[in-house]
Amino acid sequence: MLGLLYKDQMTIWSSYRKNFLLVVVLYTAMAYTLDMPFMLFALVFMGGLYIASTLSFDEMSHWDAYARTLPVSAGQLVGVKYLLALGWMGGSFVLAEFLLTACDLFKGQLQENLLYNLAGCLVALGLVLIYYALTLPLSYKLGAARARSGVIVAIGISVGLVAFASYTTQPGSTSVSSAAAAMNETSSLFFFSGGLIAVGLVLFAISWMVSTAIYKKKEY
Amino acid sequence: MPDKAAAVLNGIKKQYKDFTLGPVDLTIPAGTIVGLVGENGAGKTTTLKILTGVNPPDSGRAELLGGSPRDAAVRARVGVVFEDAYFYEGMSAARIGRSMAGIFGSRWDAKAYAGYLNRFGLDANKKVKEYSRGMRMKLSLATALAHAPEMLVLDEPTAGLDPVVRGEILDLFLDFIQDENHTILMSSHITSDLEQVADSIAYLHHGTLLFHEDKDTLMQEYGLLRCGEADLRRLPEGMAVHTRQSAFGCETLVKGRTEVLRLLPGAVCDPASIDDIMRFYSGRDGQ
């Protein structure tokens, strides 16, 4: 298991370390100079993206045919991707939060932005967890490139449905919106982001089980 | 051949959209080198993948070192080299070694791995993509050997290599097999390599195992007969596998070379190479 983690981490590090450093510098500069803190929220997404890329590298080198001859189980082979994704997303979350705090500290806006930034990073983390919970099983089923397109189409359809539903529903008519109205803005944001992360983690765990089942059936 | 089996394929069948393997019954005796030959698409890689647990058979039973290939503990005792399946080429030999150490745990011998890299002249810090084809194959072999496997399963280990590198690799196989408990099953298109090192030859043809015979017996058994058609007709049914007509007469692959020479004392019947046997079987089925 440790050997598999090491292999994927080293694959990412040898392929993406320059890209990662560039993204960190660029996004921080944009967040600081253009007042676009959401660019640093995107760092969390990038963390997951690197893991999804290891699946492409595996496909290119036909790693899975070789890996199945090694003394590791299908659950371990798939599990390391999920563990590493959690690690990278968690690490990127901490880094984004740190950089946002540092930017605000320099600008003297720490007090007013602290909670907003934290909530923003938490929402980003929740959304990214859900995104990769959907993408990883599809990557095992269809291949990494086709899975990305599939999920983007699915997200587009979902956003369209939500937009349609909100257009046809009277505002304030649901119990959820009534409850949200009762809370202040910050509380709602943390309630929403906490729920999103909880849902994301549950979906992520289910996703690992689904991916393992797909992987076991797959032939190389 | 030794009695103990290192691997057994029993009634293995695998169906694909445009290809069917088997049923294949094949026993790999422990302490020997078995060469698996066959044309492109004959089912060699499919067979090796089933034996090493990469893919399951549709029916039949595969046994590896007394256990199932699906068992990780059994796979820990086997070293595998596939022609085109390995670590990502951005990894260096040193990093591959550290990864394998984590995968194999106490079975992994880092000193042995470093020794193989040294013996093969491989720079541990170079990335795989900077290696030549021969160097990549040597690295694959180093990773397959450094956990002291009891059996090596090799898919085209000498393909695309120059004669010097092939010679080094064949020497390595002969070293490995010095231990009587060690076994090698290797597929190859370069039949001259198998003629040098293999103890027995298994021939897969269109997904069917045509034979698995001791190499020396095989070379004695099959012959290339050059004679006229009238002489050919004097041979008993089944002795001539296939005949090729040319401007200079006919050339026939015969089974039972000694008997042929007894029946046709004036005819020329040289021992057939593995290549000859494959060419004539292939020609027979192509008709």
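Only this structure's heavy atoms are used, side chains among them; waters, hydrogens and symmetry mates stay out. Quick note on labels: first sequence line is chain A, next is B, and so on, each numbered from 1.
Ranked by non-hydrogen atom pairs under 4.5 Å with chain A, the options B:Gly105, B:Ser99, B:Gly102 are led by B:Ser99. Per-residue heavy-atom pair counts under 4.5 Å with chain A were compared for B:Ala73, B:Ala72, B:Ala85, B:Pro69, and the maximum is reached by B:Ala85. Heavy-atom pairs under 4.5 Å with chain A were tallied for B:Arg98, B:Met100, B:Arg77, B:Arg70; the largest tally goes to B:Arg98. Contact count against chain A (heavy-atom pairs under 4.5 Å) is highest for B:Asn55 among B:Thr52, B:Asn55, B:Asp84.
Contact of A:Ser15 with chain B is made through the side chain alone, with heavy-atom distances under 4.5 Å. Proximity to chain A (any heavy atom under 4.5 Å) is shown, for B:Lys129, by neither the backbone nor the side chain. Both the backbone and the side chain of B:Ala76 come within contact range of chain A, each with at least one heavy atom under 4.5 Å from a heavy atom of that chain. Both the backbone and the side chain of B:Pro56 come within contact range of chain A, with heavy atoms under 4.5 Å apart. Looking at A:Tyr66, the atoms closer than 4.5 Å to chain B (heavy atoms on both sides) sit in the backbone and in the side chain alike. Looking at B:Phe82, only its side chain comes within 4.5 Å of chain A, counting heavy atoms on both sides.
Ring planes of B:Phe120 and B:Tyr116: parallel class, angle under 30° (limits at 30 and 60°).
With a 6.0 Å cutoff to the six-membered ring centre and a 45° limit on the axis angle, A:Lys7 counts as a cation-pi contact of A:Trp63. Within the cation-pi definition used here (under 6.0 Å to the ring centroid, within 45° of the axis), A:Arg68 qualifies as a partner of A:Tyr215.
A heavy-atom distance below 4.5 Å is not found between the side chains of B:Pro149 and B:Arg107. A:Ser207 places a side-chain heavy atom less than 4.5 Å from the side chain of A:Tyr82.
Taking the six-membered ring for Trp and the full ring otherwise, the centers of A:Tyr131 and A:Phe45 sit less than 6.0 Å from each other.
Side chain of B:Arg75 to main chain of A:Val72: a donor-acceptor pair is present (N/O by atom type, distance under 3.5 Å, no hydrogens or angles).
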